Amino acid sequence: MSNVELDQLREQLDEVNLQLLELINKRAELVQQIGKVKNTQGINRFDPVRERKMLDLIAKSNEGPFETSTLQHIFKEIFKAGLELQEDDHRKALLVSRKRKPEDTIVNVKGENVGDGQQRLIVGPCAVESYEQVAKVAEAAKKQGLKLLRGGAYKPRTSPYDFQGLGEEGLKILKRVADEYDLAVISEIVTPGDLEKAAQYIDVIQIGARNMQNFELLKAAGSLNKPILLKRGLAATIEEFINAAEYIVAQGNDQVMLCERGIRTYERATRNTLDISAVPILKQETHLPVFVDVTHSTGRRDLLLPTAKAAFAIGADGVMTEVHPDPAVALSDSAQQMNIDQFNHFVKELKDSGLYKDIKNPSTV
Ligand code: PEP
Ligand code: MN
């Protein structure tokens with residue numbers, strides 16, 4: 001074949017491509033018109049019976065050289081694109097997305113405007129064990145000018161034989177400490193039926209990693225008038241995490257904070273692998289405040305400070321870490337909780353690093 005012939009064939013191919021382009025767009029216009037009609041009639045956009053008829057017609061009319069299955073695959077893609085075109089932007093952009101709401105969501109936690117640029121620490125024991133234990137941490141947190149205290153009352157433990165938490169008794173302790181020290185308390189709730197009761201005692205409902213895709217719990221949390229701290233699932237993608245938050249917001253509760261807490265990988269040097277890049281991705285893609293839990297992601301006391309610095313440097317709205325008056329006797333997570341001295345040192349180091357934007361309590365150094 002001469003070069004001239006090849007050029008001519010290529011010209012024809014270009015011509016056909018342009019015809020296809022025109023036809024595909026013409027089809028898209030028709031699909032849009034059909035979408036409008038269906039909208040006014042309230043009919044579902046996806047119509048499998050109609051799609052089957054179109055595919056059958058294509059099969060019947062196919063004279064090759066393409067196999068019918070190949071053509072059906074191509075046409076299926078065209079149908080799918082048409083369906084997406086029918087869906088208005090309203091349905092496509094998630095409520096939690098920046099596309100939908102460009103400005104940052106501020107979550108009001110007992111007067112603290114989380115997400116306002118001030119970076120915050122959430123500290124407290126892994127599990128509530130006694131009033132004295134929580135009060136000691138609260139006192140230390142208060143001295144550091146902190147406002148957000150955590151403590152687990154319902155503990156989702158790997159083993160059913162491990163300490164499961166004090167339940168409602170634990171929530172009562174948190175409430176008493178919060179009142180006495182004027183702090184806001186955060187605690188995990190694992191059952192939809194416990195939410196209403198818990199809301200009377202605590203300021204933020206935490207939904208833990210193991211429950212990130214407990215959709216009934218998410219929906220129930222969405223119908224509450226209470227801030228929610230949603231943690232990323234142990235093996236959840238960022239997309240799944242964002243959709244879990246959408247479940248809450250879709251029910252009307254937009255007071256949602258996200259928390260990256262490490263994901264399960266093949267790495268054994270840390271308890272989980274802290275996905276630090278999730279922070280800027282979540283900040284870009286959603287308008288919700290983003291926290292980093294340095295305790296559960298690393299599972300190592302020696303890594304709490306460096307990972308907290310990384311979290312603040314990368315733009316997290318806050319860091320969560322566990323503090324216990326005597327970690328050696330803690331009923332859970334004893335290996336990674338800080339004692340009060342270690343906690344004070346941790347805060348000082350963070351402030352001295354210049355990475356922690358603590359506008360309200362500037363470092364005295
Ligand atoms: C916790 O914060 O107490 C906890 C159990 O964390 P996670 O759900 O992230 O494991
Ligand atoms: Mn813990």
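Atoms within a ligand are numbered from 1 in the order they appear, just like the ligands themselves. Owing to the predicted nature of the structure, the values given are computational and were not obtained by experimental measurement.
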- Query: Between the side chains of Ser297 and Asn272, does any donor sit under 3.5 Å from an acceptor?
  - Reply: no
- Message: Looking only at the side chains, is there a donor atom on one of Asp333 and His324 sitting less than 3.5 Å from an acceptor on the other?
- Response: no
- To the nearest 10 degrees, calculate the angle at the Mn ion (ligand 2) involving OD2 of Asp333 and NE2 of His296. 90°
- Would you say the side chain of His296 lies within less than 4.5 Å of the side chain of Arg271, judging by non-hydrogen atoms? yes
- Query: What atoms in ligand 1 come closer than 4.0 Å to a heavy atom of Arg210?
  - Reply: 7 (P), 8 (O), 10 (O)
- Item | Numbering as shown, the atoms of ligand 1 that approach Gly208 to under 4.0 Å (heavy-atom distance) |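 The list of qualifying atoms is 8 (O).
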- Query: If you look only at pairs with a residue in residues 206-217, which of them pass as a salt bridge (charged side-chain N to carboxylate O under 4.0 Å, His left out), with sequence neighbours excluded?
  - Reply: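 For residues 206-217, and leaving out neighbouring residues, the salt bridge (charged side-chain N to carboxylate O under 4.0 Å, His left out) pairs sorted by first residue read Glu216-Lys219.
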- Heavy atom of Arg232 under 4.0 Å from ligand 1?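 It does not, in that no heavy atom of Arg232 comes within the 4.0 Å cut-off of ligand 1.
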- Hey, are Glu112 and Arg120 close enough for a salt bridge, meaning a charged N less than 4.0 Å from a carboxylate O?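 A salt bridge is present here (some side-chain N lies under 4.0 Å from a carboxylate O).
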- Nearest heavy atom to atom 10 (O) of ligand 1: which of Arg261, Glu188, Lys231 does it belong to? Arg261
- Task: With atom 3 (O) of ligand 1 as the reference point, say which of Arg150, Met320, Glu322, Arg157 has the nearest heavy atom.
- Result: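 Looking at heavy atoms only, Arg150 sits closest to atom 3 (O) of ligand 1.
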- Task: Identify the protein heavy atom lying closest to atom 8 (O) of ligand 1, giving its residue, its atom name and the separation to 0.1 Å.
- Result: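 Checking every protein heavy atom, the shortest distance to atom 8 (O) of ligand 1 gives Ala209 N, 2.8 Å.
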- Of all N, O or S atoms in Glu322, which has the smallest distance to the Mn ion (ligand 2)?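 For Glu322, the N/O/S atom sitting closest to the Mn ion (ligand 2) is OE2.
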- With Leu282, which of Leu288, Ile238, Asp275 fulfils side chain to side chain contact (heavy atoms under 4.5 Å, CB included)? Ile238
